[in-house]
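Below is one structure, written out as structure tokens; the observations come after it.
Every number for a ligand or one of its atoms is a count from 1 in the order of the listing. Just so we're clear, the structure is a prediction, and the values are computed from it rather than from any experiment.
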Amino acid sequence: MWRVARFAASNVRSSSQRRLFSAAVIPGACIVHKRGADILHDPWFNKDTGFPLTERDRLGLRGLLPPRVISFEQQYDRFMESYRSLEKNTQGQPYSVVSLAKWRILNRLHDRNEILYYRALIDNIKDFAPIIYTPTVGLVCQNYSGLFRRPRGMYFSAKDKGEMMSMIYNWPGQQVDMIVLTDGSRILGLGDLGVQGIGIPIGKLDMYVAAAGINPQRILPVMLDVGTNNQKLLEDPLYLGLRQPRLEGEEYLSIVDEFMEAVHTRWPKAIVQFEDFQMKWAFETLLRYRKRFCMFNDDVQGTAGVALAGLLGTVRAQGRPLSDFVNQKIVVVGAGSAGLGVLNMTIQALSRMSGNNEIAAKNQCYLLDKDGLITKERKNLDPAAAPFAKDIKDAEGLKEGASLLEVVKKLKPHVLLGLSGVGGIFNEQVLRAMRESDSPKPAIFSMSNPTMNAECNAADAFKHAGPNIVFASGSPFENVDLGNGKVGHVNQANNMYLFPGIGLGTLLSGSHFITDGMLQAAAECLASYMTDEEIQKGILYPSIDSIRHITAEVGAAVVRAAVEEDLAEGHGEVGSRELKHMSKEETVAYVTQNMWFPVYSPLVHEK
Ligand SMILES: NC(=O)C1=CN([C@@H]2O[C@H](COP(=O)(O)OP(=O)(O)OC[C@H]3O[C@@H](n4cnc5c(N)ncnc54)[C@H](O)[C@@H]3O)[C@@H](O)[C@H]2O)C=CC1
Ligand SMILES: CC(=O)C(=O)O
Ligand SMILES: [Mg+2]
């Protein structure tokens with residue numbers, strides 16, 4: 001096992017500080033149970049030409065590598081040079097060609113040498129996150145059959161019913177801390193991609209390693225293949241998943257049940273993040289498992305916290321006190337797992353701030369789906385959306401099913417937040433209507449992924465809704481040049497700012513459950529992270545460059561919430577008593593010190 005890497009300081013925000021920070025890592029020895037070529041073919045242990053001569057002798061590697069030993073720094077520079085020349089050589093080519101070429105070069109390194117891969121990822125997170133995460137990961141999932149070279153993670157299919165308890169022991173890692181699980185039924189805004197959705201757990205877990213310092217030997221991406229209803233995939237001769245329609249009802253749940261039991265039998269403390277499940281199963285599984293296992297749903301709960309932090313930021317951006325949040329009119333477009341999760345957490349926060357007045361809180365919020373404004377008059381109203389359906393008498397004269405444009409024109413909302421998965425629905429007319437918003441700095445959150453599915457792009461938002469808006473998107477866009485030296489700041493409102501800290505904080509607290517209190521603490525931590533000066537410039541979230549720092553803070557907030565709720569049993573040598581006595585700063589230091597960092601450790605062979 002890797003010894004935990006130790007960091008010198010916890011308060012690191014600039015890139016020069018980060019470099020110092022990484023230089024202070026002390027590598028521990030690592031036990032390996034294999035020798036010779038088996039080591040070179042194992043990306044967990046392989047150092048390529050970086051094996052020192054003594055290690056080559058000890059591990060039976062002499063003669064299997066060219067004689068010259070190359071330092072880690074040289075290997076790193078060599079990789080970055082080839083990445084930069086790929087960038088240069090593909091300039092001007094279509095987005096899909098360039099980004100898939102970048103993904104391939106990163107993926108090859110991932111498959112060969114994980115230490116070098118994760119170091120490159122951490123040091124270049126701003127450049128590489130859009131490749132290994134949204135938006136390119138969406139393209140990768142769509143093209144998975146053609147891109148597939150080597151398996152990564154585990155695949156449990158409907159055909160494995162009754163076998164999962166033994167299958168779970170096929171995983172080579174002794175300990176697993178973090179699992180990201182999908183059934184591929186709603187991959188970003190791209191719909192049902194069946195087994196091809198495995199790219200999402202892989203990308204999310206890469207973010208866990210990069211942002212939270214979860215040891216990559218202790219992560220497990222999982223695909224639960226219960227079939228697909230995507231006809232194109234079913235007819236594709238190269239499709240790698242089960243060629244059958246999706247299981248439904250009890251049959252479906254029995255597969256998820258069996259998986260959850262198997263995982264927690266082998267690794268009772270593993271945390272399972274449910275990701276990109278279609279809405280009905282997202283809610284059903286959350287309800288079914290959250291009091292039995294350590295799990296959460298990222299799309300429902302992680303997204304909600306990030307959106308709430310952003311909404312509170314928009315109040316500060318208007319120069320108003322946070323208490324003014326209760327006066328904001330918020331329109332949420334998309335009544336799926338993400339939209340309802342956001343609305344639920346927002347109403348809870350509004351309600352708390354207005355003296356537990358849930359009715360007043362609900363009055364501030366409007367919800368639309370593909371059929372327009374959702375009111376209590378809706379026929380076949382989805383039970384999940386029912387608590388947020390407008391009473392027609394409170395709908396400001398708007399009718400059931402009113403269009404987005406009608407709603408925006410009538411309400412003049414402070415916030416327009418999209419989680420519909422439909423690209424371009426914040427069209428020119430809708431954005432122009434936002435110019436009449438009651439807010440001096442109207443907020444437009446175009447949170448759907450990947451880029452093509454964003455409700456609007458950044459340039460259109462500033463062009464049509466005006467330079468005063470506060471803008472956030474789920475996938476990254478460049479800042480917008482507004483002329484006269486002014487910049488329209490683009491925020492990335494993505495659950496990546498919270499899920500790594502939720503997972504890490506839960507792990508280090510030793511809590512068996514992830515409660516609303518822990519999630520709320522995570523959201524509040526993110527909300528209070530930015531300074532007033534940054535917020536005034538329209539910057540609502542930290543730069544992705546400081547994702548490790550924000551994750552340490554969020555992780556610590558989650559640990560402290562678990563302690564407060566008496567759920568924290570501790571982790572490793574740190575028990576519940578020690579956690580209870582830690583100050584806020586000590587908790588941040590504890591979390592930071594437990595972040596893994598990629599450095600070559602001496603390998604020691606053991607039979
Ligand atoms: N930025 C972030 O961190 C996150 C972004 N998302 C994105 O949110 C999107 C939706 O995800 P889910 O809620 O899980 O999907 P979902 O499929 O459960 O819900 C989509 C909702 O949008 C509605 N809709 C469809 N067409 C519409 C239209 N023309 N006008 C208004 N509403 C319309 C549907 O009726 C449905 O209520 C995806 O693109 C996903 O990538 C999801 C989670 C996190
Ligand atoms: C970011 C994310 O979780 C999604 O788009 O589904
Ligand atoms: Mg997701």
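Ring to ring, H549 and Y529 are close: their centroids are under 6.0 angstrom apart. When ring centroids are compared, F426 and H464 stay outside the 6.0 Å threshold. For Y366 and F388, the distance between ring centers is not under 6.0 angstrom.
Across all non-hydrogen atoms, the minimal contact from N453 to G421 is ND2-O, 3.0 Å.
When I425, N453, I374 are ranked by how near their heavy atoms come to atom 29 (N) of ligand 1, first place goes to I425.
With respect to atom 34 (C) of ligand 1, the closest heavy atom belonging to the protein is K370 N, 4.1 Å. Residue, atom and distance of the protein heavy atom nearest to atom 19 (O) of ligand 1 are G336 CA, 3.1 Å. Looking only at heavy atoms of the protein, atom 11 (O) of ligand 1 is closest to R186 NE, 3.5 Å.
Annotation for E248: atom CD counts as buried by contact number, over 12 foreign heavy atoms lying within 6.0 Å.
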So what's ligand 2 close to, N/O to N/O, under 3.5 Å?
unit_1, atom_1, unit_2, atom_2, d
ligand 2, 3 (O), K204, NZ, 2.9
ligand 2, 3 (O), E275, OE2, 3.0
ligand 2, 3 (O), D299, OD1, 3.1
ligand 2, 3 (O), N495, ND2, 3.0
ligand 2, 5 (O), N449, ND2, 2.8
ligand 2, 6 (O), R186, NH1, 3.0
ligand 2, 6 (O), D276, OD1, 2.9
ligand 2, 6 (O), D299, OD1, 3.0

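Between F148 and Y144, the ring planes lie perpendicular to each other; the angle is over 60°, past the 30° to 60° tilted range.
Contact annotation: for L340 versus ligand 1, there are no heavy atoms closer than 4.0 Å.
In the vicinity of G189, heavy-atom distances shorter than 4.0 Å reach the ligand 1 atoms 38 (C), 39 (O), 41 (O).
Distances under 2.8 Å from the Mg ion (ligand 3) pick out the protein N/O/S atoms E275 OE2, D276 OD1, D299 OD1.
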